[in-house]
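Input: a single structure, listed below in structure tokens.
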Amino acid sequence: MQETYLYDPKVLLQLDFHRSPAKFQPFISAANPGEPWMKVRPLKDTDYDRGFLQLLSQLTHVGNVTRTQFLTRFSQMKASGDYYVTVIEDTRKGEIIGAASLIIERKFIHNCAVRGRLEDVVVNDTYRGKQLGKLIVVTVSLLAEQLGCYKMSLDCKDKLIKFYETLGYVLIPGNSNSMTIRYDEEAPTKRNVTSASAAGVVSDACQTVSLDFSS
């Protein structure tokens with residue numbers, strides 16, 4: 001069966017992991033992820049059968065996505081050219097065990113620059129101790145720089161801030177709040193505002209952290 005990549009896998013081999021402040025012990029990279037049975041690559045249109053959606057369900061609600069829905073969304077993402085869903089596969093099992101998405105935003109500001117957003121970071125919790133969370137985040141972060149993004153941003157829970165700081169991300173003073181309007185709830189529209197300085201912040205509040213490539 002012919003398989004289609006979401007984007008050209010060759011670009012991952014061009015990433016220089018020595019440019020990242022992340023400390024890998026032992027050193028690993030997208031080209032050499034530390035185990036011969038591990039492969040870092042773009043999402044494929046056949047990953048519906050490799051447990052990609054089941055992995056995402058460890059992160060958040062996915063729903064009953066059919067194969068047709070998956071393939072339609074895959075085709076839309078590929079056609080846009082702005083989605084870089086990257087996965088880690090356990091080739092022994094043919095199973096997706098890690099994933100993260102780089103989404104490109106095209107701007108008028110900064111001379112029509114492009115900005116990256118990191119979304120949907122998840123690693124199968126049975127593979128702890130292999131630095132896979134660090135590996136997948138650094139991979140897509142370096143990919144954003146390779147693609148010419150002037151910065152990369154993400155929203156994360158407070159407890160994950162220190163993790164992302166070790167990878168080069170920083171909280172921007174006075175500009176690190178996450179604000180959301182939800183349209184998918186039955187109750188009246190809720191406005192969720194979380195801030196480090198807000199009273200009564202809960203432990204899973206979100207902060208916006210950024211990786212600036214232009215500085």
Side-chain angles (χ1 to χ4, degrees), residues 1 3-7 9 11-13 15 17 20 22-67 69-71 73-74 77-78 83-103 116-144 152-169 203-204 206-207 209 211:
M1 178 187 298
E3 299 179 308
T4 300
Y5 286 108
L6 186 60
Y7 63 92
V11 68
L12 295 178
L13 302 179
L15 304 180
F17 274 65
S20 172
K23 304 298 182 185
F24 291 102
Q25 296 293 337
F27 182 80
I28 57 175
S29 67
N32 297 287
E35 298 286 356
W37 45 265
M38 237 186 279
K39 186 172 182 62
V40 180
R41 60 169 175 79
L43 183 72
K44 292 180 181 179
D45 58 355
T46 50
D47 285 336
Y48 183 87
D49 295 315
R50 295 187 178 94
F52 173 66
L53 297 179
Q54 287 79 4
L55 177 68
L56 288 182
S57 69
Q58 294 185 21
L59 177 68
T60 189
H61 175 71
V62 174
N64 297 316
V65 178
T66 66
R67 184 186 302 276
Q69 288 176 308
F70 175 84
L71 292 175
R73 182 49 47 91
F74 182 95
M77 288 181 167
K78 184 171 179 63
Y83 290 84
Y84 293 80
V85 183
T86 305
V87 301
I88 304 173
E89 180 185 358
D90 181 339
T91 59
R92 301 170 303 179
K93 302 177 180 179
E95 179 182 348
I96 304 302
I97 60 173
S101 297
L102 162 62
I103 301 168
R117 287 200 62 86
L118 177 61
E119 301 278 356
D120 302 337
V121 179
V122 59
V123 172
N124 188 315
D125 56 14
T126 63
Y127 288 81
R128 289 177 180 171
K130 294 188 177 296
Q131 308 181 95
L132 298 190
K134 192 185 301 185
L135 175 63
I136 195 68
V137 171
V138 172
T139 297
V140 293
S141 299
L142 290 173
L143 180 57
M152 176 85 143
S153 301
L154 65 93
D155 294 334
C156 71
K157 295 179 179 179
D158 288 349
K159 64 184 180 181
L160 294 175
I161 290 176
K162 289 188 180 300
F163 167 72
Y164 284 108
E165 286 179 336
T166 66
L167 308 184
Y169 288 83
S203 61
D204 62 350
C206 289
Q207 301 289 343
V209 293
L211 185 60

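Positions are given from 1, in the same order as the sequence printed here. Quick caveat, the model's predicted, so the values are computed rather than measured.
Across all their heavy atoms, L59 and D120 have their closest contact at CD2-CA, 3.5 Å. In terms of heavy-atom proximity, V85 sits nearest to M77 at CG2-SD, 4.3 Å. Residues I136 and A100 come closest through the heavy atom pair CG1-CB, 3.6 Å. The nearest pair of heavy atoms linking L6 to P42 is N-CB, 4.3 Å. The minimum heavy-atom distance between L211 and G168, with the atom names listed, is CD1-O, 3.0 Å. Scanning both residues, V121 and V137, for their nearest heavy atoms gives CG1-CG2, 3.8 Å.
Annotation: side chain of L102 is in contact with side chain of M152 (closest heavy-atom distance under 4.5 Å). Using a 4.5 Å heavy-atom threshold, the side chains of I161 and C156 count as touching.
Taking K134 as the reference, nothing meets the salt bridge (Lys or Arg N to Asp or Glu O under 4.0 Å) condition, with sequence neighbours excluded. The side chain to side chain contact (heavy atoms under 4.5 Å, CB included) check on P33 picks up M38, V40, L135, with sequence neighbours excluded. Annotation: ring-ring contact (aromatic ring centres under 6.0 Å, His included) contacts of F52 (sequence neighbours excluded): none. Under the ring-ring contact (aromatic ring centres under 6.0 Å, His included) criterion, F74 pairs with no residue, sequence neighbours left out. A search for side chain to side chain contact (heavy atoms under 4.5 Å, CB included) contacts involving D125 returns Q58, R128, not counting sequence neighbours. With sequence neighbours left out, the side-chain hydrogen bond (donor to acceptor under 3.5 Å, both in side chains) criterion links Q25 to no other residue. Taking D49 as the reference, R67 meet the salt bridge (Lys or Arg N to Asp or Glu O under 4.0 Å) condition, with sequence neighbours excluded. Every residue meeting the side-chain hydrogen bond (donor to acceptor under 3.5 Å, both in side chains) condition with Y7, not counting sequence neighbours, appears here in chain and number order: T86. For the salt bridge (Lys or Arg N to Asp or Glu O under 4.0 Å) test, no residue two or more places apart in sequence or in another chain qualifies with R73. Not counting sequence neighbours, D45 has no partner by the salt bridge (Lys or Arg N to Asp or Glu O under 4.0 Å) test.
No option in L43, L143, L12 other than L143 meets the side chain to side chain contact (heavy atoms under 4.5 Å, CB included) test with Y84.
Using a distance-only test at 3.5 Å, with no hydrogens or angles considered, no donor-acceptor pair links the side chain of E3 to the main chain of D47. Using modelled atom types, one side-chain atom of T166 and one backbone atom of F163 make a donor-acceptor pair closer than 3.5 Å. Without hydrogens or angle criteria, N32 side chain to S29 main chain gives no donor-acceptor distance under 3.5 Å.
Going from atom CD of Q131 over to atom CD1 of I28 covers 4.5 Å, rounded to the nearest 0.5 Å. Summarising the geometry, atom CD belonging to E89 is positioned 5.0 Å from atom CZ belonging to R50; distances are rounded to the nearest 0.5 Å. Interatomic distance, CG of L53 versus CG of N64, reported as 10.5 Å (0.5 Å rounding). For the atom pair OH of Y83 and CD of E119, the computed distance is 9.5 Å after rounding to the nearest 0.5 Å.
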Task: side-chain contact (heavy atoms from CB on, under 4.5 Å) between E165 and V209, intermediate numbers included - done: CA-CA 8 Å; E165 286 179 336; V209 293; 5.9 Å; no
Identify all side-chain donor-acceptor contacts of residues 92-99 below 3.5 Å with residues at least two apart in sequence or on another chain.
residue : atom : partner : partner atom : Å
R92     : NE   : D90     : OD1          : 3.1
R92     : NH2  : D90     : OD2          : 2.9
K93     : NZ   : Y127    : OH           : 3.4

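Residues in residues 25-49 take part in these ring-ring contact (aromatic ring centres under 6.0 Å, His included) pairs, two or more places apart or across chains: H18-F27, Y48-F70.
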